[in-house]
Amino acid sequence: MSTPFYVSPQQAMADRAEYARKGIARGRSVVVLTYADGIVFVAENTSRALHKVSEIYDKIAFAAVGRYNEFENLRIGGVRYADLRGYSYDRADVTARGLANVYAQTLGTIFSSVGEKPYEVELIVAEVGRTAEDDQIYRLTPDGSVVDEKNSVVVGGNSDSIGNYIGQRHRAGLSLAEALKVAVDGLARDPNGGTPRTLTPEQLEVAVLDRQRFQKRKFKRILGSQLSRLLSGDESAATDDTEEAAAEIAADIDKDPPATAE
Amino acid sequence: MEANTGGTGRLPAAFLTPGSSSFIDFLGRHSPELIPGRRGLPEGMTIEAPHGTTIVSAVFDGGVVIAGDRRATMGNVIAQRDIEKVFPADEYSAVGIAGTAGLAVEMVRLFQLELEHYEKIEGTVLSLEGKANRLTTMIRGNLGMAMQGLAVVPMFAGYDLDLGRGRIFTYDVTGGRSEERGFAATGSGSVFARGSMKKLYRDDLTAQQASTLVVQALYDAADDDSATGGPDLARKIFPIVSLITDEGFRRLSEPEVSEIAHSITDQRLEHPNGPQAPLL
């Protein structure tokens, strides 16, 4: 019978963190930053169907990098958590902080349990508030740490260099087109100092949590022609034409059945 | 009910298990006690609870209108004068409820969530048929309570984006679903509302005419059914009228419905039985 090698806990954890970090570094980055009317999510993603950015609940969205099956699993778990909580209590009781905590516990338990391999994912959970001061962005790492981020955050491969670039250029109160330009310029940079790439709308997945939306669900994908117009700096594209017409119409969609009838 | 269980605060296995896109299926596996239909009454028990009454709906050129009166009754008592019985189910559909108000409202909440949950998980919306079928399943789940007098009989109306027209579905207590042509009514005043609409309905109505039609029908239902409330001019409580078109769900504002209701009541002062259809 051979004697098992002794591996110190420090070494075991460092190995796991290294394993997860390598998995994440292979993927393209996701940028999340605040703008005047909310929070914008920009990812490099050529797929129209497999999303890196998704809606979780009324004011909460999710962005992820890493292994698709792992973060998709967490996304669905988050939607179930949010819907169950909103159904049991009230829609207002579903918060990004609560969701980030649950994700942190889940990732942390997986990370430190010997039988499971750590998840190779990095997540962002963001919630748009009534005002810019109330916006919340949380970044979650594979070991279950939660970081409360301000203004902008980048996850994925090259996140440090892109994060530095964006951090220097981001300021409060950017318009959507300006924020989008900062994010796309950051993503297009070559980490080795070469010429930046050109990213076309087809290569980008963009979504916003827009506090100005009349609907109670603030998440909205920015697609096709609207994205092209925004990327070319057209400020008027920030509110699309159907949105305003739909706004008056939809004011009542927000209504839940009245509490008195329950 | 806590969404996360267990000491670690980690998402329970059920949350991370790949499976159905249905919230109700998930609820059934993880928290069955929260499913409305699973709560039975003791054998032989009946309880009295507020009931909602008449819902009417009509298809017009480019969409569908669905409307409900505002009265909830408990026996011979008016339990509530301003109850809402027509709710958006999602962007392109609405549900109107007749029957036991408490259960019906809970069913609507769960139904709204079911559609939203599917949309978030799948990244696409259900077909109108698919939505109508989900409602069938929910009504079927309530059959036990319906047998004890707590029935919920909804009506489902929506704009079918694939076919480009409005459609109406009605249900019976067993979940039996039928698609209606042109117009439909459900609830205690439905007999009178249907008779009214039968004489007034035409294929080529505009949205405005269809809205007037459904308020006429509700007036006639209230005229002959004590459980249905007419427009309450004194308290300014008017029927809830909602339109669904390719632009989505829109509830008529109070001034809009008030105007329709006032013109109808004014006309009824002259002709109490309302507009007359030709004999031949």
Side-chain angles (χ1 to χ4, degrees), chain A residues 48-51 54-58 62 69-70 72-89 91 93-94 98-99 101-110 113 144 215-217 219 221 242 245-246 248-262, chain B residues 1-4 6 8-19 21 23 26-27 30-31 34 50 52 72 80 82-85 87-91 94 97 101-110 112-114 116-117 119-121 123-124 240 242-243 245 247-253:
Chain A
R48 294 295 105 199
L50 306 176
H51 297 299
S54 316
E55 173 186 11
I56 295 281
Y57 209 63
D58 295 352
F62 169 97
N69 70 321
E70 291 175 351
E72 175 67 4
N73 211 8
L74 289 170
R75 181 184 75 89
I76 289 175
V79 171
R80 287 173 174 165
Y81 164 85
D83 280 348
L84 180 58
R85 200 173 167 84
Y87 181 64
S88 316
Y89 301 115
R91 295 195 81 96
D93 298 315
V94 183
L99 185 65
N101 276 333
V102 174
Y103 278 146
Q105 296 296 341
T106 306
L107 285 167
T109 317
I110 293 169
S113 80
Q215 289 89 333
K216 79 185 162 201
R217 292 163 72 181
F219 182 84
R221 291 190 186 284
T242 53
E248 306 160 34
I249 299 171
D252 272 293
I253 294 195
D254 296 2
K255 281 206 161 172
D256 268 333
T260 51
E262 283 170 53
Chain B
M1 170 60 220
E2 267 300 328
N4 57 51
T8 61
R10 173 182 176 170
L11 283 173
F15 284 64
L16 299 174
T17 310
S21 313
F23 182 71
F26 168 71
L27 210 54
H30 184 257
S31 314
L34 291 179
Q80 199 182 339
D82 62 350
I83 190 173
E84 296 192 14
K85 307 178 196 174
F87 303 102
D90 67 358
E91 190 93 27
I97 48 168
L103 295 177
V105 168
E106 188 178 22
M107 190 181 284
V108 168
R109 248 185 106 206
L110 191 53
Q112 289 170 326
L113 191 55
E114 174 79 356
E116 184 186 325
H117 188 80
E119 192 185 323
K120 289 190 289 196
I121 298 281
T124 173
I240 288 173
S242 295
L243 301 173
T245 64
E247 289 184 349
F249 176 93
R250 170 182 172 231
R251 183 169 148 181
L252 290 193
S253 66

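Note that the coordinates shown come from a computational prediction; the quantities given were computed from them, not determined experimentally. Residue numbers begin at 1 in each chain, while the letters A, B, ... track the order of the sequences.
- Residue contact with chain A, scored on non-hydrogen atoms closer than 4.5 Å, involves the backbone of B:A14 exclusively.
- Chain A forms the most heavy-atom pairs under 4.5 Å with one residue out of B:I121, B:L27, B:T17, B:T124, and that residue is B:I121.
- Looking only at heavy-atom pairs under 4.5 Å with chain B, the residue among A:T106, A:N73, A:L107 that has the most is A:T106.
- Interface remark: A:L74 contributes backbone and side-chain atoms alike to the contact with chain B (heavy atom separation under 4.5 Å).
- Judged by distance alone, with hydrogens and angles left aside, the side-chain atoms of B:R10 form no donor-acceptor pair with the main-chain N or O of A:I110 at under 3.5 Å.
- The two atoms that bring B:L16 and A:G77 nearest to each other are CD2-CA, 4.2 Å, heavy atoms only.
- Heavy atoms only, all atoms of each residue included: B:L34 and A:Y87 are closest at O-OH, 3.5 Å.
- Between A:R217 and B:E119 there is a salt bridge, since at least one side-chain N of the basic residue sits less than 4.0 Å from a carboxylate O of the acidic one.
- With values rounded to the nearest 0.5 angstrom, B:L11 atom CG is found 9.5 Å from A:T109 atom OG1.
- Between the CZ atom of A:R75 and the NZ atom of B:K120 there is a distance of 9.5 Å, given to the nearest 0.5 Å.
- With a 4.5 angstrom heavy-atom cutoff, A:N69 does not touch chain B via any of its atoms.
- Remark: B:F15 CZ to A:I76 CD1 distance equals 13.0 Å, nearest 0.5 Å.
- The CZ atom of A:R91 sits 9.0 Å away from the CZ atom of B:R109 when rounded to the nearest 0.5 Å.
- Contacts of B:I97 with chain A are absent, with no heavy-atom separation under 4.5 Å from either backbone or side chain.
- Using a 4.5 Å cut-off between heavy atoms, A:Y57 contacts chain B through both its backbone and its side chain.
- For a residue to count as touching a neighbouring chain, one of its non-hydrogen atoms must lie under 4.5 Å from one of that chain's; by this rule A:R221 does not touch chain B.
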